[in-house]
Every structure is written in structure tokens, then in C-alpha cells.
Amino acid sequence: RQVAAAVADRGPARIVHLGCDPAALARDVAAYLQCGYRLLAVRALDAFPMTNHVECVAVLARWSACPLMCVPAGGVLRPRVSGVRPPVGR
């Protein structure tokens, strides 16, 4: 959490965070969210085949850095289209 807060304090528009454990990545992403970032994408990678180890990559961006995206109440990331509201309940 301290590393995530220190990275966020530097103010980058986007962050690509590599985590060696899904639980640790979730903890770090939560810290970024508290610092004004939002999660754009996350992917699990099998960097070590034939083991149970999974790497995870998350892409985050500052709210102000992504004016063309919106997150409705359901939390699904969708492109923002002028004059069109996202469906309710999704």
C-alpha cells in the first residue's frame, strides 16, 4: 500500500502495475482507487507454465486522464457517447 500511495503521489496519468499474486494485486489496486485512479483493464498471465503461480497486470488511469470513459453505477467500463446515457442496472 505504501508503494502504491508513493506512485500515486507522483501523479502519473496512467499506471501499469504488475503483481505476482492476485490477492496482492487486489490490495494494491484498492490503494490506487483511494488515490483517485480507476481500473481500466486487468489480465492474468501464466508466466511460469506448469506451476500454480500467476502474474497479474493491471492498467489504471487518473479520473481526469480518461475523459472519454465513464463507469456507471454497475461498475462496467463503457465509452462515453455524447447525449447517450449508459443502460440502467448494468
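Values below: every heavy atom of this structure, side chains too, minus hydrogens, waters and symmetry copies. These figures come from a predicted structure and were not determined experimentally.
- Going from atom CZ of R43 over to atom CG of L18 covers 14.0 Å, rounded to the nearest 0.5 Å.
- By the side-chain contact (heavy atoms from CB on, under 4.5 Å) test, A31 pairs with R1, A4, sequence neighbours left out.
- In this structure, the side chain of R62 engages the main chain of A8 through a donor-acceptor pair within 3.5 Å.
- The side-chain heavy atoms of V7 and I15, taken from C-beta on, include a pair separated by under 4.5 Å.
- With sequence neighbours left out, the side-chain contact (heavy atoms from CB on, under 4.5 Å) criterion links A5 to no other residue.
- L60 places a side-chain heavy atom less than 4.5 Å from the side chain of V29.
- Within the structure, ring-ring contact (aromatic ring centres under 6.0 Å, His included) pairs that include any residue of residues 4-34 comprise H17-Y32 (at least two apart or interchain).
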Below 3.5 Å, can you tabulate the donor-acceptor pairs from side chains in residues 47-56 to any protein atom, sequence neighbours excluded?
residue: T51; atom: OG1; partner: F48; partner atom: O; Å: 2.6
residue: T51; atom: OG1; partner: H53; partner atom: N; Å: 3.3
residue: H53; atom: NE2; partner: E55; partner atom: OE2; Å: 2.8

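- Using a 4.5 Å cut-off on side-chain heavy atoms (C-beta onward), V42 and L25 make contact.
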